Amino acid sequence: MSAVAAGRMHGRWPALAEGRRRDVPRTAFLIDGERVGSVADAHLDALSRWPQWFGRDSLGLHLRAAPDARDAALAQVNAALRADGLVRAWRDETYAIVAAPGQPPLALIERASSRFWGTLTFGAHCNGWVAGPDGRPAHLWVARRAWTKATDPGRLDNLIGGGVPHGQSPFETLVREGHEEAGLDAATVRRAVPGSVIALACDIAEGFMHEHLHAFDLQLAPGVVPVNQDGEVAELTLRPVAEALALAAAGEMTVDAALVTLDFALRHDLAGADEAPALAAAIAPLRHVPPGHMPR
């Protein structure tokens, strides 16, 4: 039985379902008439304190602040929502609100608030792999998130992973995070090869995650041992591919890390002939951009 098959028996790839789970009723959030996110219906009353900036109609909740006043208005609102406990895991990082990838920002917000507003965000994750004698992936580096992390503490993760802030591309984020999370120099990380872009749209504890997750693959030499630099990783372990894929398939990894790992298994023909067709069909709806079509 393949590693993926073993994992499937214990949960049927739970990350695939989690990446599309939507149980919380939400109302569209619009700027300039374009839907840019959504707000939980249960939180709409919390926004009634600012009638000068928000209005509702049959289309949803509209931000009515003038373009040059949006950032300041949303900063004030997000600070209040943080005090209310509705915005959690504050990062002091800036994300852009965009209507679609590549579009100019309509406003800038604190990273943590993106889940409250359900806005489109971007992530960069990397599978770090080591080849066997046949040149194919034999081992994968697996990180364990620090127990002090605001989200998913102690869960298993990819070698490199991080959110893409305003002003950076996913590849630039990968290079930066490669040093912070794994101690890898820029020249090494720049050898990473693009995989798929996985589109997540799901309820999470902090709100709603609407994220395009850019997956990369980085082959490391057997003697290279990554070392965390920023304290956000508790440990990095080199696992046989079969073990790493079983962990991803069984839901032991974070949802985004599991999806990136399962995508890796498909792209490298590691899933096993008995499971690959079903896994490919199950992950296809989450692939926003197919392998090989992702720009750096």
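Because the structure is predicted, anything quoted here is derived from the model rather than measured.
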Donor-acceptor contact below 3.5 Å, side chain [X] vs main chain [Y]:
X: Arg145; Y: Thr151; value: yes
X: Asp203; Y: Val24; value: yes
X: Arg136; Y: Asp269; value: yes
X: Glu181; Y: Gly161; value: yes
X: Ser113; Y: Phe116; value: no
X: Glu275; Y: Gly272; value: no
X: Arg155; Y: Met253; value: yes
X: Gln219; Y: Trp129; value: no
X: Asn228; Y: Glu180; value: yes

Nearest atoms (heavy-atom pairs only) where [X] meets [Y]:
X: His214; Y: His212; result: CD2-O, 3.5 Å
X: Pro165; Y: Arg176; result: CD-NH2, 3.6 Å
X: Ala107; Y: Asp71; result: CA-OD1, 3.5 Å
X: Leu174; Y: Ala192; result: CD2-CB, 3.8 Å
X: Ala182; Y: Ile160; result: CB-CG1, 4.5 Å
X: Ala143; Y: Leu236; result: CB-CD2, 3.5 Å

As an exercise, state the distance from [atom1] of [X] to [atom2] of [Y], rounded to the nearest 0.5 Å.
X: Asn78; Y: Leu86; atom1: CG; atom2: CG; answer: 10.5 Å
X: Arg111; Y: Tyr95; atom1: CZ; atom2: OH; answer: 3.5 Å
X: Arg49; Y: Leu47; atom1: CZ; atom2: CG; answer: 7.5 Å
X: Asn127; Y: Leu262; atom1: CG; atom2: CG; answer: 10.0 Å
X: Thr254; Y: Asn158; atom1: OG1; atom2: CG; answer: 6.5 Å
X: Leu74; Y: Trp50; atom1: CG; atom2: CH2; answer: 10.0 Å

Please examine the side chains of [Y] and [X], heavy atoms only from C-beta on, and report whether any two atoms are closer than 4.5 Å.
X: Phe171; Y: Pro194; answer: no
X: Gln103; Y: Val36; answer: no
X: Asp217; Y: Arg267; answer: yes
X: Trp13; Y: Leu259; answer: no
X: Val130; Y: Pro222; answer: yes
X: Glu110; Y: Arg91; answer: yes
X: Cys202; Y: Val255; answer: no
X: Thr261; Y: Val142; answer: no

Is it the case that one hydrophobic cluster holds both [X] and [Y], taking links as side-chain heavy atoms less than 4.5 Å apart, direct or via other members?
X: Val98; Y: Phe29; answer: no
X: Leu238; Y: Val233; answer: yes
X: Ile204; Y: Phe122; answer: no
X: Leu279; Y: Ile198; answer: yes
X: Leu106; Y: Ile109; answer: yes

Quiz item: Going by distance alone, is a donor N or O of one side chain under 3.5 Å from an acceptor N or O of the other, for Ser196 and Asp263?
Solution: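 Their side chains do contain a donor-acceptor pair, which is all the 3.5 Å distance test asks for.
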Exercise. May I have the step-by-step check of side-chain contact (heavy atoms from CB on, under 4.5 Å) for Leu218 and Leu184, ending in yes or no?
Key: CA-CA 11 Å; Leu218 176 63; Leu184 300 174; 4.0 Å; yes
Practice problem: Measure centre to centre between the rings of Phe54 and Trp117, then say whether the value is under 6.0 Å. | Solution: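 Centroid distance Phe54-Trp117: below 6.0 Å, so yes.
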Quiz item: Should Arg144 and Glu235 be marked as a salt bridge (charged side-chain N to carboxylate O under 4.0 Å, His left out) after you check the CA-CA gap, both sets of side-chain angles, and the distance that decides it?
Solution: CA-CA 5 Å; Arg144 184 178 298 280; Glu235 62 177 354; 3.1 Å; yes
Practice problem: Start with the C-alpha distance between Trp141 and Val225, add both sets of side-chain angles, then the distance that settles side-chain contact (heavy atoms from CB on, under 4.5 Å), and finish with yes or no. | Solution: CA-CA 9 Å; Trp141 281 100; Val225 179; 4.1 Å; yes
Self-check item: Audit row: Asp32, Arg70, salt bridge (charged side-chain N to carboxylate O under 4.0 Å, His left out) steps and yes/no
Solution: CA-CA 11 Å; Asp32 292 341; Arg70 289 171 184 165; 2.5 Å; yes
Exercise. Test side-chain contact (heavy atoms from CB on, under 4.5 Å) on Thr188 and Val224 and set out the steps.
Key: CA-CA 10 Å; Thr188 297; Val224 173; 5.9 Å; no
Quiz item: Does the pair Leu247 and Arg239 meet the rule for a side-chain contact (heavy atoms from CB on, under 4.5 Å), with working shown?
Solution: CA-CA 10 Å; Leu247 291 170; Arg239 314 246 186 169; 3.6 Å; yes
Quiz item: Is Arg56 atom CZ crowded by more than 12 heavy atoms from other residues, nucleotides or ligands, each under 6.0 Å away?
Solution: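 Atom CZ in Arg56 is not packed in, count stays at 12 or less.
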Practice problem: Inspect the surroundings of NE2 in His179 and state if more than 12 heavy atoms from other residues, nucleotides or ligands are less than 6.0 Å away. | Solution: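 Atom NE2 in His179 is not packed in, count stays at 12 or less.
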Practice problem: Verify salt bridge (charged side-chain N to carboxylate O under 4.0 Å, His left out) between Glu211 and Arg115, making sure each step is shown before the conclusion. | Solution: CA-CA 10 Å; Glu211 182 154 290; Arg115 305 314 186 201; 3.2 Å; yes
Quiz item: Would you call the rings of His210 and Phe208 parallel, tilted or perpendicular if under 30° counts as parallel and over 60° as perpendicular?
Solution: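 Ring orientation of His210 relative to Phe208: tilted.
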Exercise. Check the pair Asp157 / Lys149 against salt bridge (charged side-chain N to carboxylate O under 4.0 Å, His left out), numbers first and verdict last.
Key: CA-CA 12 Å; Asp157 210 338; Lys149 290 281 286 184; over 6 Å; no
